[in-house]
Number of protein chains: 2
Amino acid sequence: MFDKIIAHVKRFVSLSPKEEKVLCSYLKIEDYAKKKHLLEEGEMCTGKYFVNSGVVRMYTLNEKGVEQVIHFAIEGWWITDYFTFNTNMPARCNIQAVEPAQVVMIGAAEQEELLKELPQMERYFRLVLEKAYAASLMRTHYMFNFSAEERYRHFSEHYPEFVQRVPQYLVASYLGFTPEFLSMLRAKKG
Amino acid sequence: MFDKIIAHVKRFVSLSPKEEKVLCSYLKIEDYAKKKHLLEEGEMCTGKYFVNSGVVRMYTLNEKGVEQVIHFAIEGWWITDYFTFNTNMPARCNIQAVEPAQVVMIGAAEQEELLKELPQMERYFRLVLEKAYAASLMRTHYMFNFSAEERYRHFSEHYPEFVQRVPQYLVASYLGFTPEFLSMLRAKKG
DNA sequence: GTGTTTTCTTAAACTACTTTAAGTTTTTTG
DNA sequence: CAAAAAACTTAAAGTAGTTTAAGAAAACAC
């Protein structure tokens, strides 16, 4: 159940068998069917999720009610609304299972206790955030410096299984263009 | 010299007067004239910068040699290439003073020692990264959900002094359009 | 202070991508 | 497996933002 997250933590910091158990005592497994929400806009964001299996997306709604994919999370990624996690503000975004997903959840209060008990987890979360932040800035770079077509070619070359698993209209949204335009790109070549 | 960073750290974790001194012993003040680089693409990224005063930008170059602003940092923000900081890979982006800037620098090795000596700094950096990551995702949201004009109006409403201080073509680049288009928006109204 | 460089403006021609709308295919559900 | 819903395609008309190019204004350097 918790072997993937344990392995992930151990890539960054060390954990004794005893500490592994302590860590697990704060975690909870949750299963979400396709299209079920882990978090909805306006709710309190009380948990943070490590994806065990499946695909999860973060999205926002604009005034016209159009959903915009901000972020995908697959196996081995953490996802939450960091803006409102651990505050008393309502969430600004939605998190939803794209495929049936199993996640490891840790609550805000539980995380605080865990960090007191296993201070090395503070380092783990820092390192994970450094990677996520760097990836987010790199995405900004891609959005600005490449055309829609280049972004699509690059994405399907680097994440071919992803393009298989996720509906095209979500890929289009993530890459910042319309599903119709993606359809046209596919017709053109590949 | 170090009072701004000390105050910033104390907003997140506590520091005794003794610990403040320890922290300062790992830090170094650096001054950069306008247009001087803190980091250039291809170099090793060995330091992390806290902006004391002035404005600093992170940018990338595309194939045509056009500079794209990825990120600005002003007083109270940390900036570095997190992708290559503390690795042996060459930096993927440039960091440059837009205005004369004073920064507090900490080296990668120094940071490691600091974290051993003052474990609460691990928490500080985690919390700072959570904010930065959340802000980066929020920017992605704005880029996708608003038109160039809306982005410009929103930005100049929320950061009016910034628009004063920074050349317009950098603001345009940051917001994802051309300086000519920004000029047109300004002519239209306000 | 005058010459040079940097930044900003204007406007016309252009294009990458959107919108709309209708039809087809695939997946889901009872 | 039949009906309904969700996802994908095609194509024509439209538009938000780019490109190019040239001139004006502001900032900088000696």
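Given the structure is predicted, the values throughout are model-derived calculations rather than measurements.
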### Query
Does NZ or CZ of R151(A) lie under 6.0 Å from the centre of the six-membered ring of F146(A), at an angle within 45° of the ring axis?
no

### Message
Just to verify, what does R123(A) make a side chain to side chain donor-acceptor pair (under 3.5 Å) with, not counting sequence neighbours?
### Response
E112(B), E122(B)

### Query
Considering the terminal five base pairs at each end of the helix from dG1(C)-dC30(D) to dG30(C)-dC1(D), what angle separates the two local helix axes, rounded to 10°?
70°

### Contact list for DNA chain C against residues 158-173 of chain B - heavy-atom distance below 4.0 Å
P167(B), Q168(B), Y169(B)

### Task
Sequence neighbours left out, what passes side chain to side chain donor-acceptor pair (under 3.5 Å) with S147(A)? Give chain and number order.
E150(A)

### Message
On the six-membered ring of Y174(A), is R139(A) placed so that its NZ or CZ lies under 6.0 angstrom from the centre and within 45° of the ring axis?
### Response
yes

### Message
One thing to verify: whether R126(B) and E130(B) come together as a salt bridge, which I'm taking to mean a side-chain N less than 4.0 angstrom from a carboxylate O.
### Response
yes

Taking N or O atoms only and anything under 3.5 Å, show me the protein contacts with nucleotides 25-28 of chain D, one pair per line.
{"unit_1": "dC28(D)", "atom_1": "OP1", "unit_2": "K34(B)", "atom_2": "NZ", "d": "3.2"}

### Summary
Contacts of E75(A) meeting salt bridge (charged side-chain N to carboxylate O under 4.0 Å, His left out) (sequence neighbours excluded), chain-then-number -> R165(A)

### Query
Which residues pass the salt bridge (charged side-chain N to carboxylate O under 4.0 Å, His left out) test with E67(B), sequence neighbours left out?
R57(B)

### Query
Hey, any chance V171(A) and Y159(A) share a hydrophobic cluster, counting ILVMFWY side chains that come within less than 4.5 Å of each other, even indirectly?
yes

### Query
Going by the salt bridge (charged side-chain N to carboxylate O under 4.0 Å, His left out) test, which pairs reach into residues 20-29 of chain B, not counting sequence neighbours?
K10(B)-E20(B), K28(B)-E30(B)

### Task
Using side chain to side chain donor-acceptor pair (under 3.5 Å) as the criterion, list what pairs up with W77(B), not counting sequence neighbours.
none

#### Entry: V51(A) with Y32(A), same ILVMFWY side-chain cluster at under 4.5 Å
yes

### Task
Measure the shortest side-chain to side-chain distance between L137(A) and M58(B) over non-hydrogen atoms and say whether it is less than 4.5 angstrom.
yes

### Contact pattern, 5' to 3', of nucleotides 14-21 of chain D - B, S or - by protein heavy atom under 4.0 Å
---BBBB-

### Message
For chain A and DNA chain C, what are the first and last nucleotides along the strand, 5' to 3', with at least one atom under 4.0 angstrom from a heavy atom of the protein chain?
### Response
dC17(C) to dT28(C)

### Hydrophobic cluster membership, I79(B) vs F83(B), 4.5 Å side-chain cutoff
no

### Message
Before you tell me yes or no, could you show the steps for K35(A) and Q96(A) under side chain to side chain donor-acceptor pair (under 3.5 Å), namely the whole-Å CA-CA distance, both residues' side-chain angles and the distance that decides it to 0.1 Å?
### Response
CA-CA 6 Å; K35(A) 305 233 167 174; Q96(A) 185 194 44; over 6 Å; no

### Task
Under the side chain to side chain donor-acceptor pair (under 3.5 Å) rule, collect the residues that match up with H71(B), sequence neighbours excluded.
Y133(A)

